[in-house]
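Everything below concerns the one structure shown next.
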Amino acid sequence: MKDCLKLLRPHHWIKNLLVLLPLLCSGQFLRWEKLGKGLWAFLAFSLLASAIYCINDIRDREKDREDPKKCRRPVASGAVSVRGAMILCVCVLVLALVCGWMAAGNRWISWGFLALYFGLNLGYSLGLKDFPLVDVVILASGYLLRMLYGGAVTDIDLSSWLCLTVMAGSFYLGLGKRRGELMSRKEGGRKVLRYYSEQFLGYNMYLCVALAVLFYALWAVDPITVSRAGGDGLIWTVPLVLLICMKYSLDVESGSDADPVELLLHDKLLLLMGLLLGGIIFAVIYI
């Protein structure tokens, strides 16, 4: 049971909190009907992502056995059989569909975002991850699709500035992940890394983070945001956003695991700053 749970990578569900971002930023987080739909949407996206992880681990099991870290994955290590992983994948997919129905019913736009996420990431697992830039686009699109899905499920119009913030920030995280992998590359690493250089990834990574911070600041002073927050207090969170980005960049440059989730869970300062940012945004909008 423990190995099956490990295969689903529930610690990566933290990324799916982006599904609830439209609720938080719209001032409707405490409307229980919408929050209920948002929580069902969170479960649907989380279970769908876990199904993708199962497919990825089944497909990459032979290559993972040659990696000193990935060889401990349940399928690669033999703790979960290929047949068992397939059965688990189907079960999780069914549960994701049930949760998706509870969240959105027959609203086709919501199902479209789920289908697009599944299709892109299935393609990523089946080989698109070996193509330069395509891999980063798919990584980045996953974050944006989470927020778009959350907005569609809860029937909330998303701010263009907020969408651009998440888009630019997603590219920053994706490029940072590849830069970290390139800096610590060993034999048998990702094929796509041969197409990248540290300079290319670094320049574009910092271009994207600059745009993300700019878009966030523009969202903070947008008249709609100001009216929801009862003032322009959110602009004072920009320095904290800058510090969070700097800390992630520092971790990447120091050779740490550049996976955003792993960094967030193991870097206590980064986690604390992220929680502080979320708490301040909630307080400014709702208190």
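None of these values were measured; they are calculated from a predicted model.
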### Query
If you measure from OH on Tyr203 to OG on Ser197, what distance do you get to the nearest 0.5 Å?
8.5 Å

### Task
Work out which heavy atom in Tyr143 is nearest to a heavy atom in Pro260; give both atom names and the distance.
OH-CG, 3.7 Å

### Query
Tyr149 ring centre to Arg146 NZ or CZ under 6.0 Å, with the angle to the axis within 45°?
no

#### Entry: Path from Leu272 to Leu265 over hydrophobic side-chain contacts below 4.5 Å
no

#### Entry: Residues that Asp222 engages under salt bridge (Lys or Arg N to Asp or Glu O under 4.0 Å), provided they are two or more places apart
none

### Query
Which pairs with one or both residues in residues 67-88 pass ring-ring contact (aromatic ring centres under 6.0 Å, His included), sequence neighbours excluded?
none

### Query
Going by heavy atoms in the side chains, are Leu21 and Val166 under 4.5 Å from each other?
yes

### Gap separating the OG atom of Ser46 from the CG atom of Leu95, nearest 0.5 angstrom
12.0 Å

### Task
Find out whether Met273 and Leu277 are in side-chain contact, i.e. whether some heavy atom of one side chain is under 4.5 Å from a heavy atom of the other.
no

### Any side-chain heavy-atom pair of Leu97 and Leu47 under 4.5 Å
no

### Query
What distance separates Ser170 OG from Leu144 CG, expressed to the nearest 0.5 Å?
6.5 Å

### Task
Please check if Met183 and Leu201 belong to a single hydrophobic cluster, counting links between Ile, Leu, Val, Met, Phe, Trp and Tyr side chain heavy atoms closer than 4.5 Å.
no

#### Entry: Single-linkage hydrophobic cluster, 4.5 Å side-chain cutoff, Leu7 and Met86 together
yes

### Message
Would you say that more than 12 heavy atoms from the other residues, nucleotides or ligands in this model lie under 6.0 Å from the CG of Leu271, or not?
### Response
yes

### Message
Using the rule given for side chain to side chain contact (heavy atoms under 4.5 Å, CB included), can you reason through Leu35 versus Leu30, listing the C-alpha separation, both sets of side-chain angles and the distance that settles it, and then say yes or no?
### Response
CA-CA 7 Å; Leu35 181 58; Leu30 298 180; 5.9 Å; no

### Task
Check whether any side-chain heavy atom of Leu93 lies under 4.5 Å from a side-chain heavy atom of Val90, and answer yes or no.
no

### Message
Test side chain to side chain contact (heavy atoms under 4.5 Å, CB included) on Ile109 and Leu148; report intermediate values, then the result.
### Response
CA-CA 10 Å; Ile109 295 179; Leu148 293 175; over 6 Å; no

### Message
Side chains of Val19 and Met147, heavy atoms from C-beta outward: is any pair under 4.5 Å?
### Response
no

#### Entry: Verdict with reasoning, Tyr216 to Leu164, per side chain to side chain contact (heavy atoms under 4.5 Å, CB included)
CA-CA 8 Å; Tyr216 177 84; Leu164 287 171; over 6 Å; no

### Query
Linking I/L/V/M/F/W/Y whenever their side-chain heavy atoms sit closer than 4.5 Å, directly or via other members, would Leu207 and Leu214 fall into one cluster?
yes

### Inter- and intrachain pairs under salt bridge (charged side-chain N to carboxylate O under 4.0 Å, His left out), touching residues 46-57, at least two apart
Arg9-Asp57, Asp57-Arg73

### Task
Verify whether one side chain among Thr165 and Trp219 offers a donor that lies under 3.5 Å from an acceptor in the other.
no

#### Entry: Straight-line distance of Lys247 NZ to Leu270 CG, nearest 0.5 Å
6.5 Å

### Task
Output every pair passing ring-ring contact (aromatic ring centres under 6.0 Å, His included) with a member in residues 78-117, not counting sequence neighbours, ordered by first then second residue.
Phe45-Tyr117

### Sequence neighbours excluded, every pair satisfying ring-ring contact (aromatic ring centres under 6.0 Å, His included) that has a member inside residues 263-287
Phe282-Tyr286

#### Entry: Non-neighbouring partners of Tyr248 that pass side-chain hydrogen bond (donor to acceptor under 3.5 Å, both in side chains), sequence neighbours left out
none

### Selection residues 164-180 - residue pairs positive for salt bridge (charged side-chain N to carboxylate O under 4.0 Å, His left out), sequence neighbours left out
Asp135-Arg178, Lys177-Glu181, Arg178-Glu181, Arg179-Glu253

### Task
Quick one: which residue pairs count as a ring-ring contact (aromatic ring centres under 6.0 Å, His included) with a foot in residues 1-30, not counting sequence neighbours?
His12-Tyr53

### Summary
CD1 of Ile52 to SG of Cys89, rounded to nearest 0.5 Å, is 7.5 Å

### Query
Taking only residues two or more places apart in sequence, or in another chain, which ones meet Arg65 in a side-chain hydrogen bond (donor to acceptor under 3.5 Å, both in side chains)?
Glu62

### Task
Would you mind reporting whether Cys54 and Leu8 have side-chain heavy atoms less than 4.5 Å apart?
yes

### Query
What's the spacing between Tyr195 OH and Leu193 CG if we round to 0.5 Å?
11.0 Å

### Message
Show every salt bridge (charged side-chain N to carboxylate O under 4.0 Å, His left out) that has at least one partner inside residues 195-210, sequence neighbours left out.
### Response
none

### Linked, directly or transitively: Leu158 and Val221 (ILVMFWY side chains, under 4.5 Å)
yes

### Message
Restricting to side-chain hydrogen bond (donor to acceptor under 3.5 Å, both in side chains), what partner residues turn up for Ser249, sequence neighbours left out?
### Response
Tyr172

#### Entry: Neighbour count above 12 (heavy atom, 6.0 Å) for Tyr206 OH
yes

### Query
Do the non-hydrogen side-chain atoms of Met205 and Val252 ever get within less than 4.5 Å of each other?
yes

### Query
Does Ser26 have any side-chain hydrogen bond (donor to acceptor under 3.5 Å, both in side chains) partners at least two apart in sequence or in another chain, and if so, which?
none

### Query
Do Gln28 and Thr154 touch side chain to side chain, with heavy atoms closer than 4.5 Å?
no

### Query
Have Lys129 and Asn121 got a donor and an acceptor in their side chains that come within less than 3.5 Å?
no

